[in-house]
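Single-structure report; data block below.
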Amino acid sequence: MPIHLFDSLERAIKPLAPAHPDGVFRFYNCGPTVYAPAHIGNFRTFVVNDVLRRLLELEFGADKVKHVRNLTDVDDRTIGQTQKEKRPLAEITKKWTDKFHADCDALNCLRPHAEPTATGYIKEQVNMIEVLMEKGNAYRAADGSVYFKLESFPGYGALSRIKERELKITNIVADADHKDSVSDFALWKAYKPEEDGDVKWPGPRGASAGRPGWHIECSAMSKSLLGDTIDLHSGGVDLLFPHHENEIAQSECCNGTTFAHHWYHSEHLLVEGTTMSKSKGNYYTLTDLVEKGYSPMAVRYALLMGHPRKQLNFMLDSLRAAESALATLRAFRSAMGDSTGMVNVYASVVAALHDDLNTPAALGALFTAINQSKPSDVNAALFDRAMFALGFDLTAPTAPKVEVPAAITALAAQRWAAKQAKDFPTADTLRKELTAAGWSMLDSKTDYKLEPHKKA
RNA sequence: GGCGCGGUAGCCAAGUGGUAAGGCCGAGCUCUGCAAAAGCUCUAUGCGCCGGUUCAAUUCCGGCCCGCGCCUCCA
């Protein structure tokens with residue numbers, strides 16, 4: 001069965017296939033804004049999209065997929081951060097881009113084939129805006145900004161069904177006074193010295209210097225790197241409106257053709273049953289979780305425990321569950337060796353994944369297959385391919401390197417000596433002390449290991 | 001106010017008009033000085049509540065209760 005995926009535009013599950021004659025599947029995935037560390041909610045989307053990327057490669061061939069994911073390195077938030085820190089924009093975005101890459105690597109996400117930045121595609125964005133102005137889809141406002149003229153695009157709202165909704169009247173956009181209509185959105189924002197610092201570029205013909213609006217970057221980068229029509233455009237649900245709706249308007253008016261054949265949106269991650277926010281104390285970055293003693297691979301597993309199109313309730317307990325499940329997979333894989341057995345784990349896993357990216361069903365299928373088979377009955381190469389599809393690296397470190405305090409090392413050494421001398425009462429007392437101090441001592445025949453307890 | 005989603009065992013979570021995947025936890029056992037790891041076994045007569053349709057509903061329809069998300073900052 002080919003890959004089937006829900007299409008947010010048609011609201012139906014549809015098969016995925018490259019439309020271009022060259023057979024290359026064109027995949028654009030909205031990336032992060034690099035002004036702060038990404039949180040695990042962001043990573044849910046990126047991990048889900050990574051599984052999608054892997055499935056596409058397995059289905060069409062690694063050389064027949066072009067995956068583009070942008071980095072938003074100029075917008076209100078990044079500029080706001082430069083003002084807050086009094087540091088150059090490039091310095092801030094570089095720092096958080098590097099961190100994002102490190103986190104993605106730790107989560108075993110494949111790098112996109114291209115990772116364009118908004119600042120690297122100013123010219124392309126300006127070009128598109130000029131075309132839109134020439135075609136009458138955009139206009140210059142009094143302050144030198146450029147806005148998209150919503151009424152010029154009758155198809156607006158198809159993705160989000162915005163016309164069927166009644167918007168809260170309180171949400172009047174701040175700079176509405178410059179627009180012909182409150183719903184028109186910015187393609188180009190005129191430079192404001194008090195807010196923008198030194199961040200500005202020459203604008204489209206007839207407009208002021210300034211910077212691109214947020215939405216135009218994806219349209220321009222997608223066009224430059226993948227062409228006028230792409231096979232799949234994805235992102236988090238929150239981008240569905242207005243971001244993706246606006247992208248469609250810009251791209252289709254500029255290019256005069258369909259922008260994307262398929263739209264996919266992954267749902268939000270909830271933490272402890274509610275939206276993650278710093279004030280609720282349930283806001284986690286990857287680093288936060290690693291510092292609590294969890295492995296990035298367990299985070300990846302936990303992020304795949306729920307259906308990508310349903311909100312997933314993330315709990316710290318999920319991470320413990322993921323850690324244990326992964327340990328089972330490691331042990332099973334290790335016992336498998338180079339087995340060329342008949343059991344095809346990949347088939348059942350990929351069938352679930354091809355069915356609208358049902359990752360929890362895939363994990364269920366994985367364990368069902370494992371529970372019904374001996375390691376030696378399973379085909380190792382196919383098992384590994386299933387791991388590839390899910391992106392589980394079973395060889396990744398399971399726990400971060402932690403410095404063992406000298407006092408703990410000493411206690412452990414004492415207990416080991418007592419055990420060697422068969423002084424078990426002393427050994428047990430020392431084990432209790434270690435446990436009380438938050439450490440587990442794991443004995444083997446000839447050696448021992450120390451592991452810190454996980455933090456709540 | 002509008003749009004939408006969900007309520008399945010202690011926790012997380014698939015799924016189906018024909019009688020409940022899976023993971024974790026827990027319990028028992030094997031192994032082991034102890035602990036851990038590993039292995040084996042067990043763990044929802046039940047799928048928010050009330051009606052309806054049906055030979056049959058957790059699955060379809062209606063009503064109700066509860067929770068959550070979104071409505072131009074947002075993965």
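All chains are named by letter (A, B, ...) in the order of the sequence lines, taking the proteins before the strands, and each is independently numbered beginning at 1.
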Separation between CG (A/Leu52) and CG (A/Leu5), nearest 0.5 Å, reads 5.5 Å
With sugar-phosphate meaning primed atoms plus P, OP1 and OP2, does A/Gly306 contact a base, only sugar-phosphate, or nothing at under 4.0 Å between heavy atoms? sugar-phosphate
Validation row, ring centre A/His354 to ring centre A/His4 under 6.0 Å: no
May I ask you to say whether A/Lys310 pairs ionically with A/Glu267, meaning some side-chain N is under 4.0 Å from a carboxylate O? no
So, A/Glu194 and A/Lys192, do they make that salt bridge, N to O below 4.0 Å? no
CD-OG1 distance between A/Gln414 and A/Thr409, expressed to the nearest 0.5 angstrom: 11.5 Å
Can you tell me whether the side chain of A/Arg415 and the base of B/G33 have a donor-acceptor pair closer than 3.5 Å? yes
Pairwise C1' distance for B/A20 and B/A56, with rounding to whole Å: 16 Å
Would you kindly give the NZ-to-P distance between A/Lys419 and B/A36, to the nearest whole Å? 13 Å
For atom CG of A/Asp447 and atom C1' of B/A36, their distance in whole Å: 14 Å
How many whole angstroms separate atom CG of A/Leu239 from atom C1' of B/A75? 6 Å
What does A/Asn246 touch in the nucleic acid at a heavy-atom separation under 4.0 angstrom: a base, only the sugar-phosphate, or nothing? nothing
If the threshold is 4.0 Å, N to carboxylate O, is there a salt bridge linking A/Lys179 and A/Asp184? no
Note: A/Lys94-A/Asp98 ion pair, threshold 4.0 Å (strictly below): yes
Check every strand shown and say whether A/His39 touches a base, only sugar-phosphate, or nothing at a heavy-atom separation below 4.0 Å. base
At a heavy-atom distance below 4.0 Å, what parts of residues 424-434 of chain A sit against RNA chain B? A/Phe424, A/Asp428, A/Arg431
Nucleotide-level pairing of RNA chain B, given in dot-bracket where Watson-Crick and G-U pairs need both distances under 3.5 Å and | marks other strands: (((((((..(((.....[...))).(((((.......))))).....(((((..]....))))))))))))....
Which part of the nucleic acid does A/Thr328 contact within heavy-atom distance under 4.0 Å: base, sugar-phosphate only, or nothing? sugar-phosphate
Rounded distance in Å - CG (A/Leu411) to P (B/A35): 20 Å
Using the C1' atom on both, measure B/G4 against B/G51 and round to a whole Å. 26 Å
Rounded distance in Å between the P positions of B/U59 and B/G46: 15 Å
By ring pair (Phe, Tyr, Trp, His ring centres under 6.0 Å), A/Phe46 pairs with (sequence neighbours left out) A/Phe100
Atom OH of A/Tyr448 and atom P of B/A35 are separated, to the nearest Å, by 20 Å
Between CG of A/Leu240 and P of B/A75 the distance, given in whole Å, is 14 Å
Does the A/Asp73 side chain pair with the main chain of A/Ala118, one donor and one acceptor, at a distance under 3.5 Å? yes
Applying ring pair (Phe, Tyr, Trp, His ring centres under 6.0 Å), can you list everything that pairs with A/His244, at least two apart in sequence or on another chain? A/His233, A/Trp263, A/His265
Donor/acceptor link under 3.5 angstrom from A/His268 side chain onto base of B/A75: yes
Is A/Asp423 salt-bridged to A/Lys419, going by a charged N under 4.0 Å from an acidic O? no
Quick check: on RNA chain B, is the nucleotide nearest A/Asp443 upstream (toward 5') of the one nearest A/Gly41, or the reverse? Name the residue that is more 5'. A/Asp443
I'd like the P distance from B/C49 over to B/C65, given in whole Å. 15 Å
Pairwise C1' distance, B/A44 and B/U58 [rounded to whole Å]: 12 Å
Nearest whole Å is fine: how far is B/C71 C1' from A/His244 NE2? 17 Å
Side-chain donor/acceptor pairs under 3.5 Å, residues 297-307 of chain A, sequence neighbours excluded:
unit_1   : atom_1 : unit_2   : atom_2 : d
A/Arg300 : NE     : A/Leu390 : O      : 2.9
A/Arg300 : NE     : A/Gly391 : O      : 3.1
A/Arg300 : NH1    : A/Asp50  : OD2    : 3.0
A/Arg300 : NH1    : A/Leu107 : O      : 2.9
A/Arg300 : NH1    : A/Asn108 : O      : 3.3
A/Arg300 : NH2    : A/Asp50  : OD2    : 2.8
A/Arg300 : NH2    : A/Leu390 : O      : 3.0

For B/G69, take OP1 and OP2 only and decide whether either is under 4.0 Å from a side-chain N or O of A/Thr274. yes
Distance between the P atoms of B/C42 and B/G22, in whole angstroms? 11 Å
Please work out if A/Ser324 contacts a base, only the sugar-phosphate, or nothing of the nucleic acid, heavy-atom cut-off 4.0 Å. sugar-phosphate
Pairwise distance CD1(A/Ile92) to OG1(A/Thr97) - rounded to 0.5 angstrom: 11.5 Å
Is any side-chain nitrogen or oxygen of A/Arg77 closer than 4.0 Å to OP1 or OP2 of B/A75? yes
Ranking B/C12, B/U72, B/C34 by distance to the side chain of A/Pro242, first place goes to B/U72
Specify whether A/Phe383 and A/Phe332 have parallel, tilted or perpendicular ring planes, treating 30° as the upper limit for parallel and 60° as the lower limit for perpendicular. tilted
Write down the distance between CG (A/Leu319) and C1' (B/G23), rounded to a whole number of angstrom. 13 Å
How would you label the contact of A/Arg69 with the nucleic acid (heavy atoms, under 4.0 Å): base, sugar-phosphate, or nothing? nothing
Just to be sure I understand the rule, does A/Leu442 reach a base, reach only the sugar-phosphate, or reach nothing, if contact means heavy atoms closer than 4.0 Å? base
Strand contacts (RNA chain B) in residues 360-378 of chain A, 4.0 angstrom heavy-atom criterion: A/Pro360, A/Ala361, A/Leu363, A/Gly364, A/Phe367, A/Thr368, A/Asn371
Do any side-chain nitrogens or oxygens of A/Lys310 fall under 4.0 Å of OP1 or OP2 in B/A14? yes
Select base, sugar-phosphate, or nothing to describe what A/Ser444 touches, counting heavy atoms under 4.0 Å on all strands. nothing
Give a yes or no on whether the backbone of A/Gly197 and the side-chain of A/Tyr191 come within a donor-acceptor separation of less than 3.5 Å. yes
Between A/Asn358 and B/A14, is there a side-chain N or O to OP1/OP2 distance below 4.0 Å? no
With C1' as the reference atom in both, quote the distance from B/G17 to B/C11 in angstrom, rounded to an integer. 30 Å
Go nucleotide by nucleotide along RNA chain B from the 5' end; which of A/Arg11 and A/Thr33 gets its closest nucleotide reached first? A/Arg11
Could you tell me how far B/U54 sits from B/G62 if I compare only their C1' atoms? Round to whole Å. 16 Å
Look at all strands and tell whether A/Lys422 reaches a base, only sugar-phosphate, or nothing, counting heavy atoms closer than 4.0 Å. nothing
